[in-house]
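Structure, as structure tokens:
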There are 2 protein chains.
Amino acid sequence: MKPAESLDTRDRLLQTAAALMWERSFQATGVDELCQRANAKKGSFYHFFPSKSDLAVAAMESFWEHARAGIFEPVFSSSESGLTQLRELIERIHELQVQVSAEKGGVLGCPFGNLGQEMARQDEKIREALQKIFDSHCQFIEAALIRAEQAGEIPAGDNRQRAKNIFALLEGALLLAKVANDPQIFRRVISAVTVVAAA
Amino acid sequence: MKPAESLDTRDRLLQTAAALMWERSFQATGVDELCQRANAKKGSFYHFFPSKSDLAVAAMESFWEHARAGIFEPVFSSSESGLTQLRELIERIHELQVQVSAEKGGVLGCPFGNLGQEMARQDEKIREALQKIFDSHCQFIEAALIRAEQAGEIPAGDNRQRAKNIFALLEGALLLAKVANDPQIFRRVISAVTVVAAA
DNA sequence: CGCAGAGTAGACAGACCGGTCAACTGTTGG
DNA sequence: CCAACAGTTGACCGGTCTGTCTACTCTGCG
């Protein structure tokens, strides 16, 4: 993630929004505060985005693009086996949680999961955007499972469903870690992933 | 759950708070609206509870007591085997999700998980309360796993950790169902529980 | 009866919210 | 040289937020 100062106003707003909403929540993030932190003025905000919800959608999409390019694609395009890639992904997520939780003074969990729990029932656009982002996550996992199946690492089965199961376990583990405020909870729960992958 | 009219003011506030915060979210639930729906006045609200956060904690504890008495204790004190009890619990949760989502026009997910994602990083009292409620959930699951292990349904293992894994899967599945706005997602993901139980 | 305390009532406060708007600036292309 | 336009600025709006306060009612008890 580039330093905020070097970006243009729109990108600064996007990046600040993602950070603040991850750290706190959508509703606890005020437009005024957000603009201040992004070094932008309210008028600029509403010049680029019709509403706070639209900014949230754009911020999540942008955040996912960064995560995809910075984590998912490198991990899943390696020469490792499907299951190893999966374990590598989990390792990266865990590292990120540890690092961010040290920086912010507590476990933040998954930015998409957080926003989903909070806003899915209140804002349809946000719900749809997150649904798509979840799907993208699952597609990466599914592809790894297919490779694992072809390599004989796991028995043949419904890899799409398996991917959803694994993703659900990830999200649940992040929630437990957040409520316990202990990133190690995530690592321990996640040990079950290999089993779910073969289910 | 008794009809709201027959309860005293404090209980009406508790019940209405749990319902509204489940349906929407903590921050989207206003004190004014809450009082109106509970047929109470602001003065009464702040007579019983020092703040909205304290009400939320009390409402979650009360809701959990209802769920424990109405679902968890009946299910886990039956004469069925440990794994069957677990499946029965999941069945009940699924039925509840289907019913509530028909009533409210969308999947609401887990009231505790929702509040946890939203408020764990913003209100330490809420975080601690939910942490305890999560623990109680896990204790029920763990007890069932111990019975399952003794009956030879699953191999010997760390049943405390297994319980956390299962609980994480449940919470994750509820999140996916909420974001997809489809309660059937929950049922499908949850098919992996038996595997996780034996991991 | 009279009093104490629990609970009720709702006006009020002050901060803060998301969002609007008209005026301004800086750049680009004809 | 100016017109067109993307972007910026910050004052401003009406509404809503949680929480406070004083006055009131009801009930049980000595």
Side-chain angles (χ1 to χ4, degrees), chain A residues 4-60 62 115 118-127 129, chain B residues 4-60 62 115 118-127 129:
Chain A
E5 309 81 47
S6 69
L7 300 169
D8 63 19
T9 307
R10 203 188 118 97
D11 285 335
R12 280 201 317 273
L13 284 167
L14 247 19
Q15 191 166 311
T16 310
L20 272 178
M21 288 172 188
W22 194 11
E23 202 172 330
R24 305 227 241 290
S25 75
F26 175 81
Q27 295 176 95
T29 300
V31 175
D32 282 324
E33 183 197 9
L34 197 149
C35 289
Q36 213 173 329
R37 284 241 231 165
N39 202 29
K41 297 289 143 53
K42 258 237 194 84
S44 301
F45 179 107
Y46 284 98
H47 171 74
F48 290 113
F49 306 99
S51 75
K52 188 180 156 187
S53 294
D54 291 271
L55 169 68
V57 168
M60 287 302 118
S62 149
L115 188 60
E118 187 187 356
M119 296 304 296
R121 294 266 68 228
Q122 292 177 69
D123 190 300
E124 186 62 12
K125 276 191 287 185
I126 291 180
R127 209 211 93 232
Chain B
E5 310 80 47
S6 69
L7 300 168
D8 64 19
T9 306
R10 203 189 117 98
D11 285 335
R12 282 204 314 275
L13 283 167
L14 247 20
Q15 192 167 310
T16 310
L20 272 179
M21 288 173 188
W22 193 11
E23 203 172 326
R24 306 227 241 289
S25 74
F26 175 81
Q27 295 176 97
T29 299
V31 175
D32 282 326
E33 182 196 10
L34 197 149
C35 289
Q36 211 174 329
R37 285 242 231 165
N39 203 28
K41 295 292 143 56
K42 262 244 193 71
S44 302
F45 179 107
Y46 284 99
H47 171 75
F48 289 114
F49 306 99
S51 75
K52 189 181 154 186
S53 294
D54 291 270
L55 168 70
V57 168
M60 286 302 118
S62 150
L115 188 60
E118 187 187 357
M119 296 304 296
R121 294 263 67 230
Q122 293 177 70
D123 191 300
E124 185 62 13
K125 275 191 286 185
I126 291 180
R127 210 210 92 233

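Since we're looking at a predicted model, the values are computed, not measured. Both backbone and side-chain heavy atoms feed into the values below; hydrogens, waters and symmetry mates do not.
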Next item on the list: Compare every heavy atom of B:Leu14 with every heavy atom of B:Leu55, then report the nearest pair and how far apart it is.
Entry: CD1-CD1, 3.8 Å

Next item on the list: Tell me whether the OP1 or OP2 atom of D:dT8 has a side-chain N or O from A:Thr9 closer than 4.0 Å.
Entry: yes

Checklist line | Rounded distance (Å) that lies between atom C1' of D:dC17 and atom CZ of B:Arg24 | finding: 15 Å

Item checked: Candidates C:dG18, D:dT20, D:dT8 - which lies nearest the side chain of B:Lys42 -> D:dT20

Next item on the list: Pick base, sugar-phosphate or nothing for A:Gly43, based on heavy-atom distances below 4.0 Å to the nucleic acid.
Entry: base

Margin query: On the nucleotide C:dG7, are OP1 or OP2 found under 4.0 Å from the side-chain N or O atoms that B:His47 carries?
Written below: yes

Next item on the list: May I have the distance from A:Leu13 (atom CG) to C:dG18 (atom C1'), rounded to whole angstrom?
Entry: 15 Å

Check: Side-chain N or O of B:Ser44 less than 4.0 angstrom from OP1 or OP2 on C:dT8?
Finding: yes

Next item on the list: Mind checking the CE-CZ spacing from A:Met119 to B:Arg24? Nearest 0.5 Å is all I need.
Entry: 11.5 Å

Check: Starting at CG of A:Leu34 and ending at C1' of C:dC16, how long is that distance when rounded to a whole Å?
Finding: 15 Å

Check: At under 4.0 Å, does any side-chain N or O of B:Tyr46 touch on OP1 or OP2 of D:dG19?
Finding: yes

Note to self: Using OP1 and OP2 only, check whether a side-chain N or O of A:Lys41 sits under 4.0 Å from D:dT8.
What the structure shows: no

Margin query: By the definition side-chain contact (heavy atoms from CB on, under 4.5 Å), identify the one residue from B:Ile126, B:Asp123, B:Val57 that meets it with B:Leu115.
Written below: B:Ile126

Next item on the list: Pick base, sugar-phosphate or nothing for B:Thr29, based on heavy-atom distances below 4.0 Å to the nucleic acid.
Entry: sugar-phosphate

Margin query: Using a 4.0 Å heavy-atom cut-off, does B:Phe48 contact any base of the nucleic acid, only the sugar-phosphate backbone, or nothing at all?
Written below: sugar-phosphate

Notebook entry, point to check: How many Å lie between CZ on A:Phe45 and C1' on D:dG10, as a whole number?
Noted result: 16 Å

Next item on the list: Supply the atom-to-atom distance B:Thr29 OG1 to B:Trp22 CH2, rounded to the nearest 0.5 angstrom.
Entry: 13.5 Å

Next item on the list: Identify which nucleotide among C:dG18, C:dG19, D:dT18 has an atom closest to any side-chain atom of B:Val31, counting heavy atoms from C-beta outward.
Entry: D:dT18

Check: Just how far is it from atom CD of B:Glu118 to atom CZ of B:Phe26, taken to the nearest 0.5 Å?
Finding: 7.5 Å

Check: Separation of A:Arg10 atom CZ from D:dT8 atom P, in whole Å?
Finding: 12 Å

